[in-house]
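Position 1 is the first residue of the sequence; numbering continues from there.
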Amino acid sequence: MIFENRACKIEIGKKGEFSFSPGFHIYVGSALGPGGLKRLQRHIKLSRNRDRNPKWHVDYLHLNPAFRLVSAIYAFTSERFECALASRIGGNSVSGFGCTDCKCNSHLFL
């Protein structure tokens with residue numbers, strides 16, 4: 001997912017407060033397992049309606065008025081390649097964001 005945002009600080013659950021510079025952020029995730037693309041649909045609706053409590057780190061971005069979901073890019077696959085993609089994006093990242101279930105440094109990039 002690609003977000004455009006203003007400068008802000010957001011409390012991300014138990015992870016604490018994160019400061020975000022203005023610009024664009026790219027979040028890498030997967031929709032494998034039960035629910036499939038329904039998870040992506042949930043993210044899109046949450047960004048539009050802001051009517052649910054956060055479940056994942058990225059939900060805090062959807063709920064914050066400083067962030068705007070610009071685009072969602074997806075591919076149909078049965079392989080979990082979110083970590084491989086995250087490792088190839090490069091550049092600056094938000095350390096510890098969206099990667100509590102893997103060994104990546106981050107799944108959110110500037």
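- A continuous path of ILVMFWY side-chain contacts below 4.5 Å connects Val58 to Phe67, so both sit in one hydrophobic cluster.
- For the pair Asn64 (side chain) and Ala66 (backbone), a donor-acceptor distance under 3.5 Å is present.
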>> Set out, in order, the CA-CA distance, both residues' side-chain angles and the distance that settles side-chain contact (heavy atoms from CB on, under 4.5 Å) for Ser106 and Ser95, then state yes or no.
In response: CA-CA 5 Å; Ser106 183; Ser95 185; 5.6 Å; no

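- Residue pairs meeting the side-chain hydrogen bond (donor to acceptor under 3.5 Å, both in side chains) criterion with at least one member in residues 5-22, sequence neighbours excluded: Asn5-His25.
- For Asp101, the salt bridge (Lys or Arg N to Asp or Glu O under 4.0 Å) test picks out Arg80, with sequence neighbours left out.
- Put simply, CD1 on Ile10 and OH on Tyr60 are 10.5 Å apart, with the number rounded to the nearest 0.5 Å.
- Considering all non-hydrogen atoms of both residues, Ser30 and Arg39 come closest at O-NH1, 3.1 Å.
- Annotation: the span from Phe24 atom CZ to Ser71 atom OG amounts to 11.0 Å, rounded to 0.5 Å.
- Rounding to the nearest 0.5 angstrom, the gap separating the SG atom in Cys83 from the CZ atom in Phe81 is 11.0 Å.
- Separation of atoms CG (Asp51) and CG (Leu63) is listed at 8.5 Å; rounding is to 0.5 Å.
- Relative ring orientation between Phe18 and Phe20 is described as parallel, the plane-to-plane angle staying below 30° on a 0-90° scale split at 30° and 60°.
- The CD1 atom of Ile73 sits 11.0 Å away from atom CE of Met1, with the distance rounded to the nearest 0.5 Å.
- Placement of Ile2 and Leu85 within a single hydrophobic cluster is found when ILVMFWY residues are connected by side-chain heavy-atom separations under 4.5 Å, directly or transitively.
- Remark: side-chain polar atoms of His107 are paired, donor with acceptor, to backbone N or O of Val28 under 3.5 angstrom.
- Criterion: ILVMFWY side-chain heavy atoms under 4.5 Å apart, direct or through other members. Under it, Ile44 and Tyr27 are part of a common hydrophobic cluster.
- Every residue meeting the salt bridge (Lys or Arg N to Asp or Glu O under 4.0 Å) condition with Arg68, not counting sequence neighbours, appears here in chain and number order: Glu4.
- The backbone N or O of Leu46 lies less than 3.5 Å from no partner atom in the side chain of Arg50, so there is not a single donor-acceptor pair.
- Asp59 and Arg52 are not joined by a salt bridge, as no carboxylate oxygen comes within less than 4.0 angstrom of a charged side-chain nitrogen.
- Side-chain contact between Leu108 and Leu61: present, with at least one pair of heavy atoms (C-beta onward) separated by less than 4.5 Å.
- Hydrophobic clustering, with ILVMFWY side chains joined whenever heavy atoms are under 4.5 angstrom apart, keeps Ile89 apart from Leu69.
- The shortest distance between side-chain heavy atoms of Arg42 and Trp56 falls below 4.5 Å.
- The shortest distance between side-chain heavy atoms of Ser93 and Asn105 falls below 4.5 Å.
- Across Phe109 and Gly90, no two heavy atoms sit closer than the pair CD2-O, 3.8 Å.
- When ring centroids are compared, His62 and Phe3 come within the 6.0 Å threshold.
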